[in-house]
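Hydrogens, waters and symmetry mates play no part in the numbers below; they use all other heavy atoms, side chains included. Reminder, nothing fancy here: chain letters follow the sequence lines and each chain counts from 1.
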Number of protein chains: 2
Amino acid sequence: MKLLIIEDSASLRRSLRIGLANLGFAVDDTGDGAQGLSMAMTGGYELIILDIMLPSIDGITLLQTIRTKQLDSKVLILSAKQEPEDRVLGLLTGADDYLTKPFSFDELHARLLNLMRRGGLKMMSDIITIDNLALNLQLKLLKVADNVIDLTPNEYKIVECLFSNQNKVFSAEKLSTYLAGQYDLISKNSIEAHLSSARKKVRVAGGELPIQTKRGFGYIVQGQ
Amino acid sequence: MKLLIIEDSASLRRSLRIGLANLGFAVDDTGDGAQGLSMAMTGGYELIILDIMLPSIDGITLLQTIRTKQLDSKVLILSAKQEPEDRVLGLLTGADDYLTKPFSFDELHARLLNLMRRGGLKMMSDIITIDNLALNLQLKLLKVADNVIDLTPNEYKIVECLFSNQNKVFSAEKLSTYLAGQYDLISKNSIEAHLSSARKKVRVAGGELPIQTKRGFGYIVQGQ
DNA sequence: TGGAAACTTAAGCAAGTCTTAAGTAAAACT
DNA sequence: AGTTTTACTTAAGACTTGCTTAAGTTTCCA
């Protein structure tokens, strides 16, 4: 059972590593965000214990990145108590669990076991909520205040891509890759058409897709 | 209370045997799949602790075999495997509980007690009821308001997979893995044909399979 | 080895989705 | 303001997907 610790504090990192290794986990660790990301991408870890505040790449960005890459490592966030609550909540988009520092080692252990037992079921990462919109990644559908909106596969994928990569501009070209893969191409116009249709569907249902056009660059969803 | 441990790792096997014997169980153990199977068939064990990865015969196959032979030993799966598919597959084929390595001895003990307490042949969780349909996982059959519907193995597996994973979209590709395993493939068209046939059988019996098509995504059973 | 059951494949049809293109609107530049 | 560029909208036709049926093919038993 491979496990990766990405934690800034060397002493906490060390004690976590030793404690978890003693419990029978195969543990790797690093204190650097960028290095942690590359390890996460290539190491095939079942679980990643992730600190929020990190040098070079912060925990949020790291989590978002590995989630877009469709890695199915589980992620347990460690956060300092000082973090504002809503910020932590935002972070949990895509995380499977979180612990507030300081925590007891037993507490951590219990949560790890729980995460493993749960298996493929993720709790936080299933639904992305923005304003009165809720995108359900499991059911592949979008709700506007409890009205289900039926999106076609391509419409859905555009929304999913932008919703799960907030605060990042995606060009039509990049979206094309997301929709059709590396070896197929979808024209800019076609993406415009899909997006237009998706926006209309949401508008008809009384909402508004929070996807902004960055003229000349692409599209973005800006979280607060 | 007779109990059989089938576990590859000699050290884990030994510590389980000693620990469980100390708790008052009559414990046998083996590290070999084929031997484990023959012991399971003849030994009259109330409970079998079964590792998935085993020499000569793997755990899943072993479990399937003893289930087809109508043995009523309870089975608790141990697995180090990372894929959640394995977990589900294991449970689908007749396991009573599941633990992921590493686990604490206390955790195992708690689960054993729980399994014994549950007793009886049929557990609540063995029958999945949706509307007027009842899917019996133990008997591998589907009832529409007390009329038994004869599904072929593949038809049954599709229904079982979707019924026991409600509120999740399953693509044809994923279903194929459930039906045929990782190394074999069932074409999309073939799955469509099975599903069509299953739907028809239920319809003829006066019911309706609550399996919805999510065009472009796959199939889903939506619980309440 | 023969026959039944189950599985796969193929083909036709219906329905849904995608792309394109032409027209309209909005922003940026001069 | 006028021009140009970029993005949005719409609708029609092409394409794709999914369902169904029926005809092959395989598998499994007796």
**Item:** Integer-rounded Å distance: dC7(C) P and E155(B) CD
**Value:**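 Spelled out: CD on E155(B) to P on dC7(C) is 7 Å.
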**Request:** Please name all residues satisfying salt bridge (Lys or Arg N to Asp or Glu O under 4.0 Å) with D28(B), sequence neighbours left out, ordered by chain then number.
**Result:**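 With sequence neighbours excluded, D28(B) shows a salt bridge (Lys or Arg N to Asp or Glu O under 4.0 Å) to no residue whatsoever.
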**Asked** side chain to side chain contact (heavy atoms under 4.5 Å, CB included) with E173(A): which residues, sequence neighbours excluded?
**Response**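 With neighbours one apart ignored, the set is S171(A).
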**Request:** For N132(A), enumerate each residue passing the side chain to side chain contact (heavy atoms under 4.5 Å, CB included) test, keeping only those at least two apart in sequence or located in another chain.
**Result:**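 Listed in chain order: V144(A), A145(A).
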**Request:** Not counting sequence neighbours, which residues clear ring-ring contact (aromatic ring centres under 6.0 Å, His included) with F217(A)? List them please.
**Result:**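 Partners of F217(A) under the ring-ring contact (aromatic ring centres under 6.0 Å, His included) test: none.
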**Which residues share a side-chain hydrogen bond (donor to acceptor under 3.5 Å, both in side chains) with D32(B), sequence neighbours left out** =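 Residues passing side-chain hydrogen bond (donor to acceptor under 3.5 Å, both in side chains) with D32(B): S56(B).
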**Message:** Checking T30(B) now: which residues fulfil side-chain hydrogen bond (donor to acceptor under 3.5 Å, both in side chains) with it, not counting sequence neighbours?
**Reply:**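 So T30(B) forms a side-chain hydrogen bond (donor to acceptor under 3.5 Å, both in side chains) with Q35(B).
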**Message:** Test: salt bridge (Lys or Arg N to Asp or Glu O under 4.0 Å). Region: residues 190-211 of chain A. Which pairs qualify, not counting sequence neighbours?
**Reply:**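 Found E155(A)-K201(A), K188(A)-E192(A).
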**Asked** Taking only residues at least two apart or on different chains, which pairs with a member in residues 133-147 of chain A satisfy salt bridge (Lys or Arg N to Asp or Glu O under 4.0 Å)?
**Response**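 Salt bridge (Lys or Arg N to Asp or Glu O under 4.0 Å) check on residues 133-147 of chain A returns no pairs.
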**Complete:** Per-nucleotide protein contact along nucleotides 19-30 of chain C, 5' to 3', at a 4.0 Å heavy-atom cut-off (B base, S sugar-phosphate only, - neither), is BBB----BSS--
**Item:** Terminal axes of the helix from dT1(C)-dA30(D) to dT30(C)-dA1(D) (five pairs each): angle between them, nearest 10 degrees
**Value:**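 The two end axes of the helix from dT1(C)-dA30(D) to dT30(C)-dA1(D) meet at 40°.
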Name the pairs: protein N/O against N/O of nucleotides 27-30 of chain D, kept only if under 3.5 Å.
none

**Request:** Indicate whether OP1 or OP2 belonging to dC8(D) is found under 4.0 Å from a side-chain N or O atom of T213(A).
**Result:**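 Yes, because at least one side-chain N or O of T213(A) sits under 4.0 Å from OP1 or OP2 of dC8(D).
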